**Student:** 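Below you will find the structure I want to go over with you.
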2 protein chains.
Amino acid sequence: MESSKAASGGSTRREATRQKLYEAAVTLIAEQGFSATTVDEIAERAGVAKGTVYYNFASKSVLFEELLRHGVELLTASLREAAEQTERDGGSKVDALDAMIRAGLVFIDRYPSFTQLYVAELWRTNRAWQSTLMVVRQQAVAVVEGVLREGVKNGEFSEEIDVALTASALVGMVLVAALDWKSFQPERSLDDVHAALSRLLQGRVSGRR
Amino acid sequence: MESSKAASGGSTRREATRQKLYEAAVTLIAEQGFSATTVDEIAERAGVAKGTVYYNFASKSVLFEELLRHGVELLTASLREAAEQTERDGGSKVDALDAMIRAGLVFIDRYPSFTQLYVAELWRTNRAWQSTLMVVRQQAVAVVEGVLREGVKNGEFSEEIDVALTASALVGMVLVAALDWKSFQPERSLDDVHAALSRLLQGRVSGRR
DNA sequence: ACTTTTGCACTGACCAGTCAGTTCAAATTG
DNA sequence: CAATTTGAACTGACTGGTCAGTGCAAAAGT
C-alpha cells in the first residue's frame, strides 16, 4: 500500500513532527547543552511521545546532527544570496561583505537559539557530529572567503590580507556582536547594529568624523 | 593557570591538587562539555581519587564555577596590563587596542581549552553558574570598552561609534579568529595571526597596498 | 456502497546502564 | 599529630533506547 505522496518527499505528517522536534530541540539544547537535554524533554516540548522521536530519528545524536546541517544550510544559502544580489546590483566587494553582514544579522535575529548552539559546538573535538560540523562550517565560511578572494583579484582589497583568517575574524565579529545584542540589548534595532558593524568593517572607527 | 606559590589562604599542597583538578577539568569539559564529563574522568585525568575531588570542592558545579572565575580573572588582568603598558609607553588608543588583541591571542594560545569552554557557555541561559559568568564577562569586556571610551574622549575615535557593540565585535573578531587558528592552522605563528588582525583593526583591508 | 486489510505514524511503560554524590576506615604527608 | 588523600563500596535518581501495541486513513476486495 503506497502512501499518498503529498508534495515532494516524505509524508506531510512526518515532516511536520520532524519540524516540531527540531524547534523543541533547538531551544532546549541552546539553553542547556546537548548532554544536559533529555530526549524526554524534547518530546514533551514538541508535544509528542518519546517513541516518536526514535521513530523519526535513529538516535539523539542523529537528531542533533540533522538539525545542525539543516540550520547551517539555511545560513549558507542566505549568505550566498546576499552576495549574489550585490553582484547583480553592480555593488563593490565591500558592499557584498556588508550585505553578508546584514544577512548574518537577519539570520541570527531569526534563529538566535540555533546560532548559540552552533557556536557552543563549533570548536569541540571528539564528538560524534564533529565531521558533519566541519563540512557545513566550511561551506558557510567559503562564501565569505570567496568574496574576499575576488576582492583581492580585482584590486579592491590588499593582496596582503590573509583570506582565511580575515574571513574568520569577520564571522566572529558578526557572531559575537549579534549574540551580545540578542542577549543584552534585545531592544535595539537590526539597522542600528548593522550600522555599527558597517562602520567597523570600513575602518571608519579611527579618525574624527 | 600557573601555580602561585602559597598565596593567601590555602596550604600549598591543597592548592596543588586543586590546580591539577582545574587542568584536568578544563580539557575534558572543553572537549565534551560539562554534562558529558564525569567526575570520575576528571579525577582519573588529574591522577587523584574521586574522594579528593569532593574534599576540595563542594560539587562538580562548584569546581566548574571556580575554574571559570579563575580563568577569566587571568584574562582580564592580562588585558588590563596590556592597556596600561601601552599607556606608560605613550602609545595611542589604537596601539592599546592592538596590544590587547595581542594579549588576547597570547592568552588563547596558552589556554585554548579554557577559551573554548568559555565561549561554549557564555550565551547559555538557565544554568547554575550563569550569574558568575555574567560578572566575569563584564569585567573583561569593560577593559576594552574603557579604552574605546577614552579614545572617543580624546578624539582618536569617532564619537559615533557604539562602544558596547564595537567592544563585542572586537572581542568576537579575536576570539573566533584565534579559535580557528588553533583548530585549523595551529602551525601558524602568533605574530602572523596578530598581523592579520591588526590590519583589519586599522582598516587596512580596503584600498590597495 | 460497505467491509476488510494494510502499513505508516505514533504511543508510553519498561529496562539496563550510568552518574553525582556519600561514606568512611585506612594510608600518607608535611 | 593534624591535615589531606585514598579507594572502594553504595545509593538513588535519572536517561537513552526498546518494543509490543494502538489508531487511523487510504487501498483493496466484494
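Being a predicted model, the structure only gives us computed values, none of them experimental. Reminder, nothing fancy here: chain letters follow the sequence lines and each chain counts from 1.
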**Student:** List in chain and number order the residues that pass side-chain contact (heavy atoms from CB on, under 4.5 Å) with B:K20, two or more places apart in sequence or in another chain; answer none if no residue qualifies.
**Tutor:** B:T17, B:A46, B:V48
**Student:** I need the full list of side chain to side chain donor-acceptor pair (under 3.5 Å) pairs touching residues 136-146 of chain A, with sequence neighbours left out, sorted by first then second residue.
**Tutor:** A:R137-B:D180
**Student:** Check DNA chain D against residues 25-38 of chain A and give the residues with a non-hydrogen atom under 4.0 Å, in numerical order.
**Tutor:** A:T37, A:T38
**Student:** Only pairs under 3.5 Å count here: list side-chain donor-acceptor contacts from residues 101-111 of chain A, not counting sequence neighbours, and write none if there are none.
**Tutor:**
from, atom 1, to, atom 2, distance (Å)
A:R102, NE, A:H194, ND1, 3.1
A:R102, NH2, A:D191, OD1, 2.3
A:R102, NH2, A:H194, ND1, 3.4
A:D109, OD1, A:K182, NZ, 2.5

**Student:** Which residue pairs pass the side chain to side chain donor-acceptor pair (under 3.5 Å) test with at least one member in residues 69-79 of chain A, sequence neighbours excluded?
**Tutor:** none
**Student:** Once you round to the nearest 0.5 Å, how far does CH2 of B:W129 lie from CG of B:L133?
**Tutor:** 9.0 Å
**Student:** Picking from D:dT6, C:dG12, C:dT22, which would you name as closest to the side chain of B:Y54?
**Tutor:** C:dT22
**Student:** List the atom pairs, donor and acceptor, that lie under 3.5 Å between side-chain atoms in residues 59-67 of chain A and the rest of the protein, sequence neighbours left out.
**Tutor:**
from, atom 1, to, atom 2, distance (Å)
A:S59, OG, A:S61, N, 3.4
A:S59, OG, A:V62, N, 3.2
A:K60, NZ, A:F34, O, 3.0
A:K60, NZ, A:T37, O, 2.7
A:E65, OE2, A:T132, OG1, 2.5

**Student:** For B:L21 and D:dT4, give me the distance from atom CG to atom C1', rounded to whole Å.
**Tutor:** 13 Å
**Student:** To the nearest angstrom, how far is A:K50 atom NZ from D:dT22 atom C1'?
**Tutor:** 19 Å
**Student:** In this structure, is the centre-to-centre distance between the rings of A:Y22 and A:F57 below 6.0 Å?
**Tutor:** yes
**Student:** Just checking, any donor-acceptor pair under 3.5 angstrom between side chains of B:T86 and B:D95?
**Tutor:** no
**Student:** Any pair with a residue in residues 46-56 of chain B that passes salt bridge (charged side-chain N to carboxylate O under 4.0 Å, His left out), sequence neighbours left out, goes on the list, sorted by first then second residue, please.
**Tutor:** B:D40-B:K50
**Student:** Would you tell me if any nitrogen or oxygen in the side chain of A:T52 comes within less than 4.0 Å of OP1 or OP2 on C:dA9?
**Tutor:** no
**Student:** If you measure from the Lys or Arg side-chain nitrogens to the Asp or Glu carboxylate oxygens, is any gap between B:E87 and B:K93 under 4.0 Å?
**Tutor:** yes
**Student:** Using a cutoff of under 3.5 Å, can you pull out all pairs of nitrogen or oxygen atoms linking the protein to nucleotides 25-30 of chain C, with atom names and distances?
**Tutor:**
none

**Student:** Check for a donor-acceptor pair, side chain of A:E15 on one end and backbone N or O of A:T12 on the other, with a separation under 3.5 Å.
**Tutor:** no
**Student:** Would you indicate which nucleotide in C:dA13, C:dT11, D:dT5 comes nearest to any side-chain atom of B:T17?
**Tutor:** D:dT5
**Student:** Considering only residues two or more places apart or on different chains, which pairs with a residue in residues 167-177 of chain A satisfy salt bridge (charged side-chain N to carboxylate O under 4.0 Å, His left out)?
**Tutor:** none
**Student:** Would you jot down, in residue-number order, the residues of residues 39-46 of chain B having a non-hydrogen atom under 4.0 Å from DNA chain D?
**Tutor:** none
**Student:** Which residue pairs pass the salt bridge (charged side-chain N to carboxylate O under 4.0 Å, His left out) test when at least one of the two sits in residues 122-135 of chain A, sequence neighbours left out?
**Tutor:** A:E121-A:R124
**Student:** Please list, by residue number, the residues of residues 55-65 of chain B whose heavy atoms come closer than 4.0 Å to an atom of DNA chain D; answer none if no residue qualifies.
**Tutor:** B:Y55, B:N56
